[in-house]
> 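The structure follows.
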Amino acid sequence: MTSDLHSPGWWKNAVVYQVYPRSFQDSDGDGVGDLPGITSRLDHLALLGVDVLWLSPVYRSPMDDNGYDISDYQDVDPLFGTLADLDALIAGCHDRGIRLVMDLVVNHTSDEHPWFVESRDPASAKRDWYWWRPGRPDAPGGAPNNWESAFGGPAWHHDERSDAWYLHVFSPKQPDLNWENPEVRDAVYAMMRWWVARGVDGFRMDVINLVSKDVTLPDGPLIWPDRDLAPPLGVLNGPRLQEFLAEMNREVGLSEQHLLTVGEMPGSTVALAREVTDPARRELDMVFTFEHVALDEVPGTDKWTLQDVPLPVLKANLASWQVGLAEVGWNSLYWDNHDQPRAVSRFGDDSPEHRVASAKTLATVLHLHRGTPYVYQGEELGMTNAGFTRIEQYRDLESLNHATAAVGRGVPAEEVLRVLAVKSRDNARTPMLWDASEHGGFTTGTPWLPANDNRDVVNAQAAVADPDSVFHHYRRLVDLRHHDRVVVDGRFEAVLPEHPQVWAFTRTLGSQVLLVLANCSSEPAHVDPAAVPDLSGSEVLLATHAAPYELTLRPWESRVHRL
Ligand code: GLC
């Protein structure tokens, strides 16, 4: 069952691998990863068996938000290489049967993008390409309304030049484009067509559900349906979102050319996702929900106010998406990306005793759900959080803004550091660990973020050499998806939803039934034989531990049974 690039829905049996270019492989010793570095490591992806490489932004950028602030959509930043290097990467992927999906960041540009530079002149034809508004004396700070930016502080920046304010849902160096203006949309679609002509196979669309805003820009209640990424409500899921998505799809020929599209949509609901991913509507193939990565935050606060997540709550959340998108639409499946802490540290147990089994079990659970799985670089090695203990070690602007604000409010520095160590985006951004050498084989220079201390144990070279490694477990999961239709299409049904330790579910396609049993805890877990299907005569397709396969599961033991 190999997927054909020209067949509709090919991405349903695909696995996507995300590369964060800054941290993947440096080829020129400047301490920052680059395109030739990625190309030199493509055999790692080929060995893992993944079908798609999602490339986080490599466009020209002042790097305020590590490339999510773009100043030229049709060029590569010199830090990462050249357009020719990108062509070589695309060719290297295609030679290996891997497709390349670009990150598309079009909710905002950099403030150094020529469009924005021009728009600062109130008389310019580009003035209306962004959200320029006069201040309001009764609003906080005299801004146009009370919105806060997702990275902290007001969502408006005052520009002396015209004594007006512009909207930036993210940093002040990321002004929001005004999608109400058809010229903006045309410019975006033209740019996308240019990339398609260059050979890219799809787009991961950054915060795409923010492009349609409530044009009255009303004061918010500053409450978010999920708070991991916390823009004000008036910018989420606006009234013209689906119109814009359908228009983009049509104008770029996204569905027509079977390009993969995945929309990052904080605050999207199951109901909205079902509509947006209904193939008949030709909007998007799938969306990234934020619900499951916001469960560890106290409701009504922000991503920095932590709470424990009981397993039944996590299971129920994923199950609600499985059930909600069962008949119409399609899920994306992820634990990790460049904005999230490392899965094994967050949902697993990263102690030396349980790291490997818990990383494998988290992978099994995720990849056996229905949807397209995303693997973030290093996740396939069971890479752990950074373990930073000093504020000087952090680079991420969201983390640094939060630390400044929290310390300013009187939160003790140790407490701020404790929370950053759990939730900072830099946890995912430390260098990919290729071998046990000083910087994990990432660079011969000084890495922009230090390599994790456990690189002597956690690295690709060791993982590839060890048939029992997390890496080979991921490889087997990818293989299973490629060869077993039930993994792709099987109906999902939760089993033991209330069990506090065990994640269990079935996948059914015709007479084929798979049962996943996973102990998501560091203690043994007992499963009541009366509560699960009969396992006698079943075949174990994949397991973390060797036989015997008992109903008392060892810590982090998981198995996939074919009944
Ligand atoms: C998305 C990106 C994140 C970025 C933000 C603003 O959430 O994943 O890294 O900071 O959008 O572009």
Side-chain angles (χ1 to χ4, degrees), residues 16 18-24 33 54-71 73 77 101-113 116 130 147-153 155 157 167-177 179 188 203-211 213 224-232 235-237 262-268 284 286-294 297 302-304 332 334-342 374 376-377 394-402 423-430 449:
V16 183
Q18 182 192 357
V19 168
Y20 193 64
R22 248 188 127 71
S23 306
F24 196 62
W54 149 24
L55 187 66
S56 274
V58 292
Y59 309 92
R60 202 174 266 275
S61 163
M63 301 289 164
D64 185 52
D65 187 19
N66 291 357
Y68 282 89
D69 49 316
I70 297 169
S71 56
Y73 287 112
D77 197 274
V101 162
M102 291 291 272
D103 219 304
L104 182 81
V105 189
V106 289
N107 172 67
H108 43 269
T109 66
S110 163
D111 65 337
E112 297 179 38
H113 193 294
F116 185 77
Y130 293 84
W147 291 358
E148 281 176 22
S149 123
F151 290 156
H157 189 83
L167 176 67
H168 60 88
V169 170
F170 297 92
S171 102
K173 288 189 68 62
Q174 294 168 298
D176 282 54
L177 279 166
W179 276 61
V188 168
F203 298 97
R204 173 270 184 189
M205 303 176 184
D206 193 66
V207 290
I208 199 66
N209 61 326
L210 273 60
V211 294
K213 302 174 181 17
W224 305 287
D226 57 54
R227 295 154 305 280
D228 183 68
L229 195 69
V235 301
L236 286 177
N237 308 328
V262 52
E264 187 201 27
M265 306 224 314
S268 59
L284 296 176
M286 55 195 130
V287 308
F288 290 132
T289 164
F290 278 65
E291 285 185 357
H292 65 303
V293 291
E297 298 154 19
D302 59 18
K303 73 179 266 181
W304 309 107
S332 70
Y334 77 94
W335 291 132
D336 261 345
N337 60 44
H338 64 293
D339 295 329
Q340 300 296 332
R342 288 290 182 180
Y374 287 71
Y376 177 67
Q377 65 185 43
Y394 289 94
R395 295 285 172 275
D396 170 35
L397 86 170
E398 183 193 47
S399 305
L400 295 173
N401 286 353
H402 164 67
K423 280 304 269 299
S424 169
R425 306 196 295 181
D426 279 342
N427 283 307
R429 299 177 180 186
T430 59
L449 264 189

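Each residue takes its place number in the sequence, starting with 1. Whatever order the structure lists ligands and atoms in, that order sets their numbers, starting from 1.
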> His108 and side chain to side chain contact (heavy atoms under 4.5 Å, CB included): which partner among Asp69, Val169, Asp206, Leu177?
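Single side chain to side chain contact (heavy atoms under 4.5 Å, CB included) partner of His108 among Asp69, Val169, Asp206, Leu177: Asp206.
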> Under 3.5 Å, is there a donor-acceptor pair between the side chain of Ser23 and the main chain of Arg429?
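Yes; at least one donor-acceptor contact below 3.5 Å.
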> Quick check: does any side chain N or O of Asn427 sit under 3.5 Å from a backbone N or O of Ser424, one acting as donor and the other as acceptor?
yes
> Applying a 4.0 Å heavy-atom criterion (strictly less than), which segment of Arg204 is in contact with ligand 1: side chain, backbone, both, or neither?
side chain
> Taking only heavy atoms of His338, which atoms of ligand 1 are found under 4.0 Å from at least one of them?
2 (C), 3 (C), 8 (O), 9 (O)
> I need the atoms of ligand 1 closer than 4.0 Å to a non-hydrogen atom of Glu264, numbered in the order shown.
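Counting atoms of ligand 1 from 1, those under 4.0 Å from Glu264 are 1 (C), 7 (O), 8 (O), 11 (O).
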> Select one of side chain, backbone, both or neither to describe which atoms of Phe151 lie under 4.0 Å from any atom of ligand 1, heavy atoms only.
side chain
> With heavy atoms of Arg425 as the reference, note each atom of ligand 1 found under 4.0 Å away.
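Answer, ordered by atom number: 3 (C), 4 (C), 9 (O), 10 (O).
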> Between Glu398 and ligand 1, which residue portion shows a heavy-atom distance shorter than 4.0 Å: side chain, backbone, both, or neither?
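The answer is neither.
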> Using the ring of each side chain (for Trp, its six-membered ring), is Trp304 parallel, tilted or perpendicular to His402, with breaks at 30° and 60°?
parallel
> Tell me, please, which residues at least two apart from Ile70 pass side chain to side chain contact (heavy atoms under 4.5 Å, CB included).
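Listed in chain order: Tyr59, Tyr73, Val105.
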> Under 4.0 angstrom from ligand 1, any heavy atom of Met205?
no
> According to the interplanar angle, ranging from 0 to 90°, do the rings of His338 and Tyr376 count as parallel (below 30°), tilted (30 to 60°) or perpendicular (above 60°)?
tilted
> Assess His108 for proximity to ligand 1: is some non-hydrogen atom of it under 4.0 Å away?
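Within the 4.0 Å threshold, so yes.
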